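Take a look at the structure set out below.
These figures come from a predicted structure and were not determined experimentally.
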Amino acid sequence: MKKKIVVLGFLGTNLDLGGKARWGRWRPTISLGQQDDLLVDRFELFYEKNFLDLAQLVQKDFQQVSPETEFNLREVVLKDPWDFQTVYSGIFDNLKDYKFDTDNEEYLVHITTGTHVIQICLFLLTESRHIPGKLLQTHMQKSRNPNGTYTIIDLDLSKYDKIAERFHQEQKDGIRFLKSGIETRNAKFNEMIRELATVSVKSKAPILLTGKTGVGKTKMARLVYEWKKQKRMVSGNFVELNCATLRGDACMSALFGHVKGAFTGAVENRKGLLKAADGGLLFLDEIGELGLDEQAMLLRALEEKRFFPLGSDSEVTSDFQLICGTNKNLSLMVKEKKFREDLLARIQLWSFNIPSLKDRHEDIEPNLDYELQQVSLTTGNLFSFNKEAREKFLSLSNSSEALWKSNFRDLSGAVTRMSTLSEGGRITESDVESEWNRLLRQWYPEGQTESEKPSLPPVLSEEQWKELDLFDRCQLEKVIEVCQSSKNLADASRKLFAHSLSEKKSTNNSDRLRKYLAKFGLSWTDLHKD
């Protein structure tokens, strides 16, 4: 069954004018009833109250050229047809109770008549699917058709391959930009970057970047800024502050500025970083170190775009996007009353965790190439690995000994040192071995490597293990291994004291095991928490 055609449009107070000569002029609304290949079953014409006479004349003329069309007049209240909010609200409210029947009717939204603001609002309501239809545009081309022509525009961009491909390519460009051109392979990291690239160009809301020290939170924040700048989404500066470096009045002053005499040492006015970031992006690293008073002022500045500099009675305005970085669990800090819950809710609308390098083994190789390229660009000298040295470094980098405690800072430092110490810019196996020993000394200051640590789940802390003699450590590891592979305490006791049982030297081995574990502050439950 063919769907009925329903047109929604605004009265053209100039283009649809009446008068004796009206039939000799092209009138957009009337022309829709004169198209041979477009049968309008119903027309919904919006008009303002003071143009009722013209609306009724257009209704009469339309039914004269297309008597089969049902023509309805819909009064809409527009206090100012050039004000976006007024127009959008007026149309939206008028259509709020309109019964769209998409199963049986096809809707065309006529955007040729009305003010430019009206046309834009009709476009937005159609694009957002508040009006479930297509756009309809009429053209005066009497050379081709004395009644003009029309074009139907479907806003479903998936039907326009070239346009869709352009949007897809732009997203790919954003992803590559935020990855600094590095062909990363880690699925978790790549998915995070894909979402961040989309959010960067579609949202001005705060962004929270989480992750261990050295994963690149500051670098990522700056890349987001540079990408937004390329897209002309920011006009101001990139401003950054490590919140762990300041406290008290110094922090208040750095963020919000101060007036002369606000505190001891305030010898002149200071505008502060929030004002410096007006129109741009403010990056607050280690946001968890910010005091509660500063948190309260930051929240107000975010929500109201204004704040009081320290010691001032006059407010200052600033419109900036905020990106925060932290390596702490802010939710836990909220429970401990160390971080404001309302501020956390505000800054984590978009939250992205940057994985640690040790969790991205497949990305070490492409990042190694990137760091080597950066050293070459910085120094103006070309550096490279020989084949054996490269394979050795990658093998060691993915071993259990590789902690990468400072993440990319460790990797960058390693590449810089190997390049500097290499002969003729060629990094050899000897250079790799020397650098790896240096890294191990950084990661294991007490000489204990990963292979020497307990391989079992950490039922005791690293400090507790270190306090044990090697004899006790070896014995306890074996006891824990047996307990964790046993069904219950009695089962573990039978395995551990099998010889005693056969010789009937002990009658209560379960109690014996329980007391042994208690000696180290452990219980059966501690070994089976999972």
Any side-chain heavy-atom pair from [X] and [Y] closer than 4.5 angstrom?
X: Phe307; Y: Val316; result: yes
X: Trp404; Y: Lys212; result: no
X: Lys338; Y: Leu292; result: no
X: Phe352; Y: Thr210; result: no
X: Val87; Y: Trp82; result: no
X: Phe308; Y: Asp313; result: no
X: Asn269; Y: His258; result: no
X: Ile207; Y: Cys324; result: no

Above 12 or not: heavy atoms from other molecules or residues under 6.0 Å from [atom1] of [X]?
X: Gln230; atom1: CD; result: yes
X: Asn437; atom1: CG; result: yes
X: Glu304; atom1: CD; result: yes
X: Gln475; atom1: CD; result: yes
X: Glu268; atom1: CD; result: no
X: Glu303; atom1: CD; result: yes
X: Lys405; atom1: NZ; result: yes

Short question: side chain of [X], backbone of [Y] - any donor-acceptor pair under 3.5 Å?
X: Ser89; Y: Thr86; value: no
X: Ser376; Y: Leu372; value: yes
X: Asn386; Y: Ala389; value: yes
X: Asn186; Y: Asp363; value: no
X: Ser203; Y: Val199; value: no
X: Ser395; Y: Glu391; value: no
X: Ser200; Y: Val224; value: no
X: Glu365; Y: Leu394; value: no
X: Ser434; Y: Ser430; value: no
X: Tyr370; Y: Ser180; value: no

In sequence, state the C-alpha distance, the side-chain angles, and the governing distance for Leu517 and Val479, and then conclude on side chain to side chain contact (heavy atoms under 4.5 Å, CB included). CA-CA 9 Å; Leu517 293 174; Val479 171; 4.1 Å; yes
Distance under 6.0 Å and angle within 45° of ring axis: Lys231 vs Trp227: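 Judged by the rule, Lys231 and Trp227 form a cation-pi pair.
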Name the one of Ile354, Ile175, Leu178 that satisfies side-chain contact (heavy atoms from CB on, under 4.5 Å) with Leu196?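 The option that passes is Leu178.
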On a heavy-atom basis, which atom in [X] and which in [Y] lie closest, and how many Å separate them?
X: Met220; Y: Ile193; value: CE-CD1, 3.5 Å
X: Arg306; Y: Arg300; value: O-NH1, 3.4 Å
X: Leu122; Y: Thr126; value: O-OG1, 2.7 Å
X: Glu401; Y: Tyr444; value: O-OH, 2.9 Å
X: Ser397; Y: Ala402; value: O-CB, 3.2 Å
X: Arg426; Y: Ser384; value: NH1-OG, 2.8 Å

Side chains of [X] and [Y]: donor-acceptor distance under 3.5 Å anywhere?
X: Ser523; Y: Asp526; answer: yes
X: Asp410; Y: Trp443; answer: yes
X: Thr428; Y: Asp431; answer: yes
X: Asn327; Y: Thr213; answer: yes

When rounded to the nearest 0.5 angstrom, what distance separates [atom1] in [X] from [atom2] in [Y]?
X: Asp469; Y: Leu476; atom1: CG; atom2: CG; value: 12.0 Å
X: Leu290; Y: Cys243; atom1: CG; atom2: SG; value: 4.5 Å
X: Thr326; Y: Gln348; atom1: OG1; atom2: CD; value: 11.5 Å
X: Arg441; Y: Trp436; atom1: CZ; atom2: CH2; value: 13.0 Å
X: Ile347; Y: Arg340; atom1: CD1; atom2: CZ; value: 12.0 Å
X: Arg129; Y: Thr102; atom1: CZ; atom2: OG1; value: 8.5 Å

Going by the angle between their ring planes, with limits at 30° and 60°, are Tyr516 and Phe520 parallel, tilted or perpendicular?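 Aromatic pair Tyr516/Phe520 classed perpendicular.
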For the residue pair Tyr225 and Phe238, categorise the inter-ring angle as parallel (less than 30°), tilted (30 to 60°) or perpendicular (more than 60°).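 Because their plane-to-plane angle lies in the 30° to 60° range, the rings of Tyr225 and Phe238 count as tilted.
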Please walk me through it: do Glu240 and Lys217 pass salt bridge (charged side-chain N to carboxylate O under 4.0 Å, His left out)? CA-CA 12 Å; Glu240 62 178 298; Lys217 297 185 289 291; over 6 Å; no
Could you go step by step and tell me if Phe339 and Glu289 meet the side chain to side chain contact (heavy atoms under 4.5 Å, CB included) rule? CA-CA 9 Å; Phe339 202 86; Glu289 299 293 337; over 6 Å; no
Which donor-acceptor pairs under 3.5 Å do side chains of residues 273-286 form with protein atoms, sequence neighbours excluded?
{"residue": "Lys275", "atom": "NZ", "partner": "Thr317", "partner atom": "O", "Å": "2.8"}
{"residue": "Asp278", "atom": "OD1", "partner": "Asp319", "partner atom": "N", "Å": "2.8"}

When you check the gap from the basic side-chain N to the acidic O, do Glu226 and Lys229 get nearer than 4.0 Å?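 Not counted as a salt bridge, because no side-chain N and carboxylate O are separated by less than 4.0 Å.
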Run the salt-bridge test on Asp369 and Arg390 with the 4.0 Å N-O cut-off and return the result as yes or no.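 So Asp369 pairs with Arg390 through a salt bridge.
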Between Met418 and Val432, is a side chain to side chain contact (heavy atoms under 4.5 Å, CB included) present by the stated rule, with each step listed? CA-CA 7 Å; Met418 287 188 292; Val432 169; 4.0 Å; yes
Stepwise side chain to side chain contact (heavy atoms under 4.5 Å, CB included) check, Ser318 with Lys305: CA-CA 5 Å; Ser318 181; Lys305 307 297 182 186; over 6 Å; no
